[in-house]
Peer 1: 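Shown below is the structure under consideration.
Since this is a predicted model, take the numbers as computed values, not measurements.
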Amino acid sequence: MKKLLIIGLGVLLLYSCKKEKKEEVVAPPIAIEEYSIEQFMDNENAFSNGFSNDKSKVLMTSNRSGIYNMYTTSVKGGELIPITKSDSSSVFGISYFPEDDRILFRMDGNGDEIYKIFLKDSSGITRLTPEKNVRALFRGWSKDGKSFFYGSNERDPKYMDHYEMNIADFTSKMIYQNNDGMDFGGMSEDRRYIALTKAVTTNDVDLYLMNTETKEKTKINENISGNQPQDFSPDNTSFYYTTDDNAEFSYLMKYNLADGTKEKVAEKNWDINSFYFTRNGKYQVMFTNEDAKTVMDVKEVATGTDVAFPSFENKEISSASFSRDESMAFLNVSGSSTPRNVYSYDMASKEYYQLTDVLNKDINEDHLVASEVVRFKSFDGLEIPAIYYKPKQATADNKVPALVWVHGGPGGQSRQGFSSQIQYYVNHGYAILAVNNRGSSGYGKTFYKMDDQNHGDKDLKDCVAGKDWLAQQDIIDANKIGIIGGSYGGYMTMAALTYTPEDFKVGVNIFGVTNWLRTLKSIPPWWESFKDALYTEMGDPNTADSVRLRQISPLFHTEKVTKPLIVLQGAKDPRVLKVESDEIVAGVKKNGVPVEYVLFEDEGHGFVKKENQIEAYGRILKFLDKYLKEPGSEIINDGKSETKTVESES
């Protein structure tokens, strides 16, 4: 149900022609509506999966039905026509077949991340990869369109081998057997070279090129550094990769396959985090992470000239993907206060068509809040970047509560982008500061490595410094600041309530790690190639590091928690096991602290079904209203916790 909030625009002081005489003029109020969680979650999340062969249709994936399903629409926009109608597991489109209207898509088991690849054609649906406990990930079409590539751990659960599937009879052959725990990074069009990586730390990666004919591996990097494969040139003569060798930020390098010589191609004062060529090499596309915002740069290869795209008022193009013949592109257009919409764009005529309109018609875009980048000093003087959302109803005379928002990871980054969840809380009068604490990506490798084997200490102090910054803002009620986060951010929430128990008034833990000893020992088998790097950053639970890991695990110190807590968890989560949340709730409950527990039986690491998102985020707001916004509410406490298990009717 909507509620109208009357907001004054502030007091304007005007000086008359007489000295020292002031006249106060109050600007007329504006009405801001508070929208329900159902209305915010009815913002559609839709994205394009590719053009049909004749470019008359577009394959889309959307959650408009409540979970993700596939749809098709005209390249010039119009109605989205359902292709699948799943009411249990989400369906994610991959692409149309290159020469006909058959479709590839993937599904897992309600969030267990064990993906399968399926075929949809006129006769129905066919599973193309093995059924039980085998994970398969699509890796692209061959240039001639006669086959596609995928990774699969069917041979060994720990390692993803590289396969090619012929679409004439759907038989597969293994191209690369991964016996060394490598990660796949791409293959040249002539199939002669495969790029492989081996994680040394969570930042530093060794980069190899393997000759598929001789099986010889050539190490590309000379020093320990952050290296990532990007693309092979369409003519199979060069390999492109990014590296931060002797630099703070990743830059683009070209490696000549014939003689092994290298040259720097592009460098910025931010990370270049993606680069590729379109199918026939007409365009090169580069993406840079610039202060938590994606910046796109497209050039015509033959001339080196920048490719111009249309401009959109108060919005930006964050990405583009191209048709196989390079004549059409999809443009993703969004802002921090406007959700992402997809446009089709004709490269020759410059005509473009809006394919989605995802903002709920009940919501006035003017009532949503644009984020701003701010920076504050932490306890040791280090400058910490953050993304700040300020409620429109907040004034110095109408102070609001606030939340420190902590991203996942370790090593993630809060970005400038649209979030229905964040906008929901801000719309209901909560300021949010999304802190990019030390250890976050995007701000240079020195900053990224600052939390290695120091988790729950200096990174937590950065979050506390974020709380202190919020408390200094004239629109914030300094006595009403909580902390919220998911995954690693959920760990930071529990660390805050455990190790700095007086700093935050409440905590919201969304599938957060609470026992690092167990989590690091129980990572999914397909993370095997990354395990040693994760141990290098976090510590090895099988060594003397276990002492420190136990010290930083909130589960073993629950007696210190004194502030209200809500915990949310997916039962199918393969990364942070359900037992993590079960035990932290039981431990905190013993303190007589208000605890709420929301468990979803049909979700994994992240909630993707609308009905569950509505329940989860709605419950969080009710919790915040009760224990953070309303003064004195936490005093009324019978020592009981509330647990709700949510099961899908399907």
Side-chain angles (χ1 to χ4, degrees), residues 1-3 5 7 32-43 45 336-339 359-360 362-365 367-372 374 386-395 398-408 414-435 463 466-467 470-471 473 475-477 479-486 489-490 492-493 496 504-512 563-568 596 598 606-607 610 612-630 633:
M1 184 174 181
K2 300 179 184 177
K3 181 171 66 176
L5 302 177
I7 302 172
I32 299 296
E33 297 183 27
E34 272 189 357
Y35 300 103
S36 69
I37 184 58
E38 288 82 3
Q39 288 171 311
F40 269 106
M41 288 302 106
D42 206 33
N43 290 335
N45 188 22
S336 63
S337 61
T338 55
L359 183 65
N360 183 358
D362 290 344
I363 296 177
N364 185 337
E365 188 175 321
H367 296 170
L368 303 180
V369 173
S371 66
E372 59 179 303
V374 300
I387 314 299
Y388 184 39
Y389 299 83
K390 185 168 62 175
K392 293 195 172 185
Q393 57 265 50
T395 66
N398 181 38
K399 295 180 184 292
V400 296
L403 296 168
V404 170
W405 184 286
V406 192
H407 59 67
S414 284
R415 309 266 297 162
Q416 297 184 61
F418 184 86
S419 165
S420 290
Q421 183 185 4
I422 287 178
Q423 291 289 340
Y424 172 56
Y425 302 141
V426 176
N427 176 252
H428 281 257
Y430 291 88
I432 288 183
L433 184 70
V435 173
C463 295
K467 182 267 298 183
L470 280 168
Q473 307 309 304
I475 67 160
I476 302 297
D477 186 334
N479 295 313
K480 297 179 180 180
I481 302 176
I483 185 167
I484 181 173
M492 293 294 283
T493 292
F504 298 94
K505 298 301 181 183
V506 301
V508 180
N509 166 13
I510 308 171
F511 43 80
K563 297 298 189 291
L565 169 68
I566 184 171
V567 178
L568 300 98
E596 296 183 19
V598 185
F607 309 142
K610 277 190 179 181
N612 293 339
Q613 293 172 339
I614 289 169
E615 176 68 23
Y617 308 146
R619 284 287 296 275
I620 289 172
L621 184 68
K622 290 177 183 177
F623 170 85
L624 295 173
D625 285 348
K626 181 177 181 180
Y627 294 110
L628 185 59
K629 182 177 284 187
E630 299 301 326
S633 60

Peer 1: Under 4.5 Å between any side-chain heavy atoms of L565 and E596, yes or no?
Peer 2: no
Peer 1: Is it true that D477 and K629 have a side-chain N and a carboxylate O under 4.0 angstrom from each other?
Peer 2: no
Peer 1: Grab the two heavy atoms, one from I387 and one from S414, that are nearest each other, plus how far apart they are.
Peer 2: CG1-O, 3.9 Å
Peer 1: Any side-chain heavy atom of N509 within less than 4.5 Å of one from I566?
Peer 2: no
Peer 1: Do L568 and V508 have side-chain heavy atoms sitting under 4.5 Å apart?
Peer 2: yes
Peer 1: Which is it for I620 and Q421 under the side-chain contact (heavy atoms from CB on, under 4.5 Å) test, yes or no, and what are the steps along the way?
Peer 2: CA-CA 10 Å; I620 289 172; Q421 183 185 4; 4.2 Å; yes
Peer 1: Could you tell me whether a side-chain N or O of K390 sits under 3.5 Å from a main-chain N or O of A431, the two making a donor and an acceptor?
Peer 2: no
Peer 1: Could you check whether any side-chain N or O of N398 sits under 3.5 Å from a backbone N or O of Q393, counting only pairs where one atom can act as donor and the other as acceptor?
Peer 2: yes
Peer 1: Say whether H367 and Y35, considering side chains only, have a donor N or O and an acceptor N or O under 3.5 Å apart.
Peer 2: yes
Peer 1: Say you draw a straight line from CD1 of I614 to CD of Q39; how long is it, rounded to the nearest 0.5 Å?
Peer 2: 10.5 Å
Peer 1: Quick check for you: to the nearest 0.5 Å, what is the distance between E34 atom CD and H428 atom NE2?
Peer 2: 5.0 Å
Peer 1: Counting C-beta onward and ignoring hydrogens, is there a side-chain heavy-atom pair between Y430 and Y424 closer than 4.5 Å?
Peer 2: no
Peer 1: Quick check for you: to the nearest 0.5 Å, what is the distance between L628 atom CG and I484 atom CD1?
Peer 2: 11.0 Å
Peer 1: Under the side-chain contact (heavy atoms from CB on, under 4.5 Å) criterion, do I32 and N364 qualify, and how do the steps go?
Peer 2: CA-CA 9 Å; I32 299 296; N364 185 337; over 6 Å; no
Peer 1: Would you give the length of the straight line joining atom OG of S336 to atom CD of Q416, rounded to the nearest 0.5 angstrom?
Peer 2: 7.0 Å
Peer 1: Between S420 and N43, is the side chain to side chain donor-acceptor pair (under 3.5 Å) condition met? List the steps.
Peer 2: CA-CA 7 Å; S420 290; N43 290 335; 3.2 Å; yes
Peer 1: Would you give the length of the straight line joining atom CZ of F40 to atom CD of Q423, rounded to the nearest 0.5 angstrom?
Peer 2: 6.0 Å
Peer 1: Check whether any side-chain heavy atom of I476 lies under 4.5 Å from a side-chain heavy atom of K399, and answer yes or no.
Peer 2: no
Peer 1: Rounded to the nearest 0.5 Å, how far does NZ of K563 lie from CD1 of I483?
Peer 2: 13.0 Å
Peer 1: Does the side chain of K505 come within less than 4.5 Å of Y627's, by heavy atoms?
Peer 2: no
Peer 1: Grab the two heavy atoms, one from P391 and one from G429, that are nearest each other, plus how far apart they are.
Peer 2: CG-C, 3.9 Å
Peer 1: At their closest point, which heavy atom of Y389 faces which heavy atom of V426, and how far apart are they?
Peer 2: CB-CG2, 3.7 Å
Peer 1: Begin from the C-alpha positions of S337 and V369 and carry the test side-chain contact (heavy atoms from CB on, under 4.5 Å) through to its verdict.
Peer 2: CA-CA 5 Å; S337 61; V369 173; 5.8 Å; no
Peer 1: Would you sort out whether I432 and Y388 count as a side-chain contact (heavy atoms from CB on, under 4.5 Å), showing the intermediate values?
Peer 2: CA-CA 6 Å; I432 288 183; Y388 184 39; over 6 Å; no
Peer 1: Report yes if the side chains of L403 and L624 come closer than 4.5 Å at any heavy-atom pair, otherwise no.
Peer 2: yes
Peer 1: Determine the minimum heavy-atom distance between A394 and I475, stating which atoms define it.
Peer 2: CB-CD1, 3.7 Å
Peer 1: Can the ring centres of F607 and F511 be said to be less than 6.0 Å apart?
Peer 2: yes
Peer 1: Is the Y617 ring parallel, tilted or perpendicular to the Y425 ring (thresholds 30°, 60°)?
Peer 2: perpendicular
Peer 1: Would you say that L433 contacts I481 through its side chain, given a criterion of any heavy-atom pair below 4.5 Å between the two side chains?
Peer 2: no
